[in-house]
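Scroll down for the structure; my scribbles are underneath it.
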Amino acid sequence: MTGIAPALLAWWDVHGRRDLPWQRDPTPYRVWVSEVMLQQTQVVTVERYYDRFMAAFPDLQSLAAASEDAVLHAWSGLGYYGRARQLQHAARRVCEAHGGVLPMDLDALMALPGIGRSTAGAILALAGGQRQPILDGNVKRVLTRLHRIEEPPAVPAVQARLWQLADQYTPADRPAAYTQAIMDLGATLCTRRRPACERCPLASRCLARRDGIAERLPAAQPRRARPQRSSVVMLVCFGAGRVLLEKRPATGLWGGLWGLPEVEGLDAVGDWCQREIGQPPLRIAQRPVLRHGFTHFDLDMTPVEVDVPEPRRALDGGRWLWYNLHDPARVGLAAPVTRLLNSLLQERPAPP
DNA sequence: AAGTCGGGGCA
DNA sequence: TGCCCAGACTT
């Protein structure tokens with residue numbers, strides 16, 4: 001029996017997307033950056049970041065040579081900041097071990113941090129023209145429907161079956177176009193809700209469509225309710241628009257970003273100022289609660305505005321940063337921190 | 001095999 | 001609101 005490639009490619013040659021930023025000059029480096037950005041992040045979001053990131057770090061060498069703060073600054077708002085740090089670490093390793101050239105080999109690529117099998121396959125297929133399968137969310141959706149796979153894709157046996165199918169369907173002829181085509185099919189026709197089966201080039205052989213259950217596949221993984229958490233964060237301000245930021249640990253939530261110092265509760269603000277600044281606060285004002293949702297929990301942040309006198313002693317520059325609202329340092333900031341700093345800037349416009 | 005890691009788009 | 005997105009890594 002024939003594969004799906006002929007019908008898929010014929011459709012893609014007419015209806016496929018070729019205008020995405022990373023499709024224009026699909027070098028291994030450009031495809032790599034795009035694939036890492038697209039891990040768990042939607043195309044419309046990545047489109048807002050990609051060109052700006054590539055302008056800042058046009059090649060692998062410039063990314064390897066950059067400071068971590070500069071990389072996280074360019075990544076701020078995209079989320080999953082571990083991806084940015086791994087991307088840069090991988091770039092540095094490529095410079096050390098591979099002469100600055102991305103190895104176009106599955107095992108060598110997968111040995112780099114942040115590159116799994118699917119991302120490696122995408123780089124090899126899209127930038128190298130190699131016959132390598134990928135298995136991203138789009139391909140999983142197409143294949144589970146095509147074969148009417150009713151168990152959740154996360155089940156290991158299902159995962160293995162999907163990789164087998166992905167490999168089997170990937171053609172030796174035009175593998176790059178095929179890879180784009182199956183992703184485009186999933187993104188534009190075989191969508192999660194309301195799939196456009198009437199326009200699908202694979203409709204005649206799709207088992208889920210035959211049985212009228214396309215929209216129910218792939219099956220959702222059962223998940224637990226998200227716990228609620230809360231925290232009190234301080235906007236420690238002095239002078240004309242200085243706000244104190246603290247460097248977060250390299251790993252974990254918002255790893256490597258600069259955040260607002262946290263305290264146990266409102267009562268702890270005074271003690272905190274004495275301990276860290278060496279002076280008591282001049283004014284304390286609570287601001288409205290900010291809700292921020294994560295995959296695994298919801299966070300309610302209570303911001304507290306704390307005005308302090310001009311600091312008498314310098315703080316450790318590796319851990320603390322007096323962020324200037326009117327001349328912002330180019331460092332990584334989490335989305336809620338950016339929002340808070342922006343609202344503060346509205347209230348405290350630059351002096352004439 | 002399950003948990004961790006962000007933010008946004010959409011019904 | 002709940003769900004999931006061009007996944008990978010750790011335990």
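Here is how names work: the chains are called A, B, and so on, in the same order as the sequence lines, proteins then strands, and each is numbered from 1.
- Under a 3.5 Å cut-off, the side chain of A/Arg145 and the backbone N or O of A/Ala208 do not form any donor-acceptor pair.
- With A/Thr338 contributing its side chain and A/Ala334 its backbone, the two residues share a donor-acceptor pair below 3.5 Å.
- Nearest nucleotide to the side chain of A/Met183, out of B/dG6, C/dC9, C/dA6: C/dA6.
- Under 3.5 Å, the side chain of A/Thr41 and the base of B/dG6 form at least one donor-acceptor pair of N or O atoms.
- Residue contacts shown for A/Ala334 are limited to sugar-phosphate atoms, with no base heavy atom under 4.0 Å away.
- Looking at heavy-atom distances under 4.0 Å, A/Thr295 makes contact with a base.
- Residues A/Tyr80 and A/Arg48 both approach DNA chain B. Their nearest nucleotides, taken by heavy-atom distance, put A/Tyr80 toward the 5′ side.
- For A/Val44, the side-chain atoms get nearest to B/dG9 when compared with the rest of B/dG9, B/dG8, B/dT4.
- Side chains of A/Arg141 and A/Asn138: a donor on one and an acceptor on the other come within 3.5 Å.
- Judged by atom type and distance alone, A/Arg85 does not reach the base of C/dA8 through any side-chain donor-acceptor pair under 3.5 Å.
- Backbone-only contact: A/Thr119 has heavy atoms under 4.0 Å from sugar-phosphate atoms and none from a base.
- Distance CG (A/Leu253) to P (B/dT4): 11 Å, rounded to an integer number of Å.
- Rounded to an integer number of Å, the gap from CG of A/Leu38 to P of C/dA8 is 12 Å.
- Between A/His292 and B/dG6, a side-chain N or O to OP1/OP2 separation shorter than 4.0 Å is absent.
- Using a 4.0 Å cut-off between charged nitrogen and carboxylate oxygen, A/Glu246 and A/Arg319 count as a salt-bridge pair.
- Residue A/Arg194 is out of contact with every strand shown, counting any heavy-atom pair closer than 4.0 Å.
- Considering only side-chain atoms of A/Ser118, the nucleotide from C/dA8, C/dC4, C/dA6 that sits closest is C/dA8.
- No donor-acceptor distance shorter than 3.5 angstrom exists from the side chain of A/Arg229 to the backbone of A/Leu299, with no hydrogens or angles considered.
- Atoms CD (A/Gln39) and P (C/dG7) sit 7 Å apart, rounded to a whole Å.
- Hydrophobic clustering of Ile, Leu, Val, Met, Phe, Trp and Tyr side chains at less than 4.5 Å, counting indirect connections, keeps A/Tyr80 apart from A/Trp32.
- Summarising the geometry, the separation between CG on A/Asp298 and C1' on C/dT1 is reported as 10 Å, rounded to the nearest angstrom.
- Near-neighbour residues of DNA chain C inside residues 131-143 of chain A, defined by a heavy atom below 4.0 Å, number-ordered: A/Asp136, A/Gly137, A/Asn138, A/Arg141.
- Within the nucleic acid shown, A/Ala335 comes within 4.0 Å of sugar-phosphate atoms alone, with no base atom in reach, counting heavy atoms only.
- A salt bridge links A/Arg283 with A/Glu305: at least one charged nitrogen is closer than 4.0 Å to a carboxylate oxygen.
- The separation between A/Gln159 atom CD and C/dA8 atom C1' is 11 Å, rounded to whole Å.
- OP1 or OP2 of B/dG6 has not a single side-chain nitrogen or oxygen of A/Arg291 nearer than 4.0 Å.
- Judged purely by distance below 3.5 Å, without hydrogens or angles, the side chains of A/Arg85 and A/Gln88 never pair a donor atom with an acceptor atom.
- Taking atom CD of A/Gln221 as the reference point, atom P of B/dA1 lies 11 Å away to the nearest angstrom.
- In terms of position on DNA chain C, the residue among A/Met110 and A/Leu20 whose nearest nucleotide sits closer to the 5' end is A/Leu20.
- Residue A/Ala187 is classed as having no contact, given no heavy-atom separation below 4.0 Å to the nucleic acid.
- When the C1' atom of C/dA8 is taken as reference, atom CH2 of A/Trp163 falls 12 Å away, rounded to whole Å.
- C/dA8 sits 23 Å from B/dG8 when the P atoms are compared, rounded to a whole Å.
- In terms of phosphate contacts, A/Gln40 brings no side-chain nitrogen or oxygen within less than 4.0 Å of OP1 or OP2 of C/dC5.
- Nucleic acid contact for A/Gly186: none, since no nucleic acid atom lies under 4.0 Å from a heavy atom of the residue.
- Mapping A/Arg83 and A/Val155 onto DNA chain B by nearest heavy atom places A/Val155 closer to the 5' end of the strand.
- Taking side-chain N and O atoms only, A/Trp75 has no distance below 4.0 Å to OP1 or OP2 of B/dG6.
- Using modelled atom types and a 3.5 Å distance limit, the side chains of A/Trp258 and A/Asp69 yield a donor-acceptor pair.
- Using a 4.0 Å heavy-atom distance criterion, A/Leu112 is classed as a sugar-phosphate-only contact.
- Using P as the reference atom, B/dG3 and C/dA6 are 24 Å apart when rounded to the nearest Å.
- In this structure, A/Leu87 places its CG atom 13 Å from C1' of C/dA8, rounding to the nearest Å.
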